[in-house]
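Taking it in order: structure first as structure tokens, then the write-up.
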There are 2 protein chains.
Amino acid sequence: MGRRSDHSREELQELIVDATLSLVREHGADRVTARRIAQAVGYTPGMLYSVFVNLQDIFLHVNQLGLFTLHKQCTQAIEGNSDPGAAIKAMGRAYLRFAAEHTHQFDLMFTRTELPAAPTATSLKHQIHSLFDLVETQLRILKPGASDKELTLAARALWSGVHGTAALRLSNQLYLDESEADRDIVELLVNNFLISWQR
Amino acid sequence: MGRRSDHSREELQELIVDATLSLVREHGADRVTARRIAQAVGYTPGMLYSVFVNLQDIFLHVNQLGLFTLHKQCTQAIEGNSDPGAAIKAMGRAYLRFAAEHTHQFDLMFTRTELPAAPTATSLKHQIHSLFDLVETQLRILKPGASDKELTLAARALWSGVHGTAALRLSNQLYLDESEADRDIVELLVNNFLISWQR
DNA sequence: TCCTTTATTAAACAACGTTCAATTACTAGT
DNA sequence: ACTAGTAATTGAACGTTGTTTAATAAAGGA
């Protein structure tokens, strides 16, 4: 068939990204193919390339969505925590929860990225930055006298710890019997770090 | 041709794994195909399947090699450090160095793993455990009274921090101008953690 | 020398991402 | 209402991938 115009260009884009997200969450990025996405939205594979450049391009948009909801869940975790340390730990738990609930999506977002020197889209770059900012804001409350450099570094350190925990747990490389051990690890890590950092 | 017996089964296995490692280091795991490996060792693709089960199986053996050299470099980093804290930081730097020098290999070892619940070969499992043990040993010196559980958890926390830093740097998600920022992050993380943990 | 055994190959398969000419459906002009 | 033109969508193709398997060629024992 020729022009259908059942959907506008933007509707089509949203349709594709949403379908891809569902497929990724259910089957993992490896098993999500152009043909499967096309089938899910009721078109043929060729059509995808009139809306997106690439399969990678589609995944990139999926990841923008992912970072957005991750950011939202982190801000929600902060709410109601007047203590910055508690807020940071709550963020860490939200991060772990996201990774645990949406294993495949988290995998696509953070480990299925291109190497090396991923030319991460500037949009993604900003989204990740704003995640860092959430931590920095709490740290600044905790230690008002800290320099920008100090804050930046500390936020990266904490973020690295939380991310590392999530990543290792995801790939089953923590080797701990208890299923909730990752929460204990983050708690321990953040607590001990902050105690000696804030002063 | 039929039987060549230029190489024994074990020689062939070593040949394949070594060639694959070289290819991975140079081009990244994504671009390493069965046909390329076969060409590198002077055989046809089909032969690989008489020595290994899978391409994945080959990568798994490559990763065993990788974990072995990573372990070696970590133990070497410890040598000459009487202070446990210094030893742990030296291990962290060795870890970062390995990740930076062999980007693609590190990527294959830790992020290109299967999901979820990677049924990691028991061999890999033990190798990773012995890496954890290196950290635990140093922690035990630092805090002789600590329980096993305490040591296990602290080792995981530190390891997660170091690994997270390496992983985020690898995928260019730290967004720091200075190229050696990852070392600063690990230094900061380990220092602050240990100060309040040891006592 | 022949025959069995076995290592290796060549060719095939299905599935993949991607491209592009052909086709179809809609829109505008008369 | 009819036709021409435009643009969306397809279908089929290409080169590549991992993997399997029947055929083949070489080695060793009789």
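Chain letters run A, B, ... following the sequence lines, proteins first, then strands; residues in each count from 1. Computed over heavy atoms, backbone and side chain alike; hydrogens, waters and symmetry mates excluded.
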Margin query: Without decimals, in angstroms, what is the distance between A/H7 NE2 and C/dC26 P?
Written below: 13 Å
Next item on the list: To the nearest Å, give me how far apart CD1 (B/I16) and P (D/dG18) are.
Entry: 14 Å
Next item on the list: Give one of base, sugar-phosphate or nothing for B/I37, where a contact means two heavy atoms less than 4.0 Å apart.
Entry: nothing
Item checked: Rounded interatomic separation in angstrom, taking CZ from A/F52 and C1' from C/dT19 -> 18 Å
Check: Reckon A/R9 has a side-chain N or O less than 4.0 Å from the OP1 or OP2 of D/dA7?
Finding: no
Notebook entry, point to check: Over how many whole Å does the gap from B/L15 atom CG to C/dT8 atom P extend?
Noted result: 11 Å
With 3.5 Å as the limit, what N/O pairs link the protein to nucleotides 14-18 of chain C?
| residue | atom | partner | partner atom | Å |
| --- | --- | --- | --- | --- |
| C/dG17 | OP1 | A/A34 | N | 3.4 |
| C/dG17 | OP2 | A/A34 | N | 2.9 |
| C/dG17 | N7 | A/R35 | NH2 | 2.8 |
| C/dG17 | O6 | A/R35 | NH2 | 3.0 |
| C/dT18 | OP1 | A/N54 | OD1 | 2.8 |
| C/dT18 | OP2 | A/Y49 | OH | 2.6 |
| C/dT18 | OP2 | A/L55 | N | 3.1 |
| C/dT18 | O5' | A/Y49 | OH | 3.3 |

Check: Which value, rounded to the nearest 0.5 Å, describes the distance between A/H7 atom NE2 and A/L12 atom CG?
Finding: 6.5 Å
Next item on the list: Starting from the C-alpha separation in whole Å, work towards a yes-or-no answer on salt bridge (charged side-chain N to carboxylate O under 4.0 Å, His left out) for B/R156 and A/D184.
Entry: CA-CA 10 Å; B/R156 261 69 175 175; A/D184 294 343; over 6 Å; no
Check: How about B/T165 and B/D182: does a side-chain donor come under 3.5 Å of a side-chain acceptor?
Finding: no
Margin query: Can you measure B/M47 atom CE to C/dA7 atom C1' for me and round it to whole angstrom units?
Written below: 10 Å
Check: Between A/L55 and A/A34, which heavy-atom pair has the shortest distance, and what is it?
Finding: CD1-N, 4.1 Å
Checklist line | Whole angstrom value for the distance that separates C1' of D/dT17 from NE2 of B/H27 | finding: 17 Å
Check: Taking the six-membered ring for Trp, are the ring centroids of B/F106 and B/Y95 within less than 6.0 Å of each other?
Finding: yes
Note to self: Tell me if a side-chain donor or acceptor on B/R140 pairs with a main-chain N or O of B/L151 at a distance below 3.5 Å.
What the structure shows: no
Note to self: Using a 4.0 Å heavy-atom cut-off, does A/I58 contact any base of the nucleic acid, only the sugar-phosphate backbone, or nothing at all?
What the structure shows: nothing
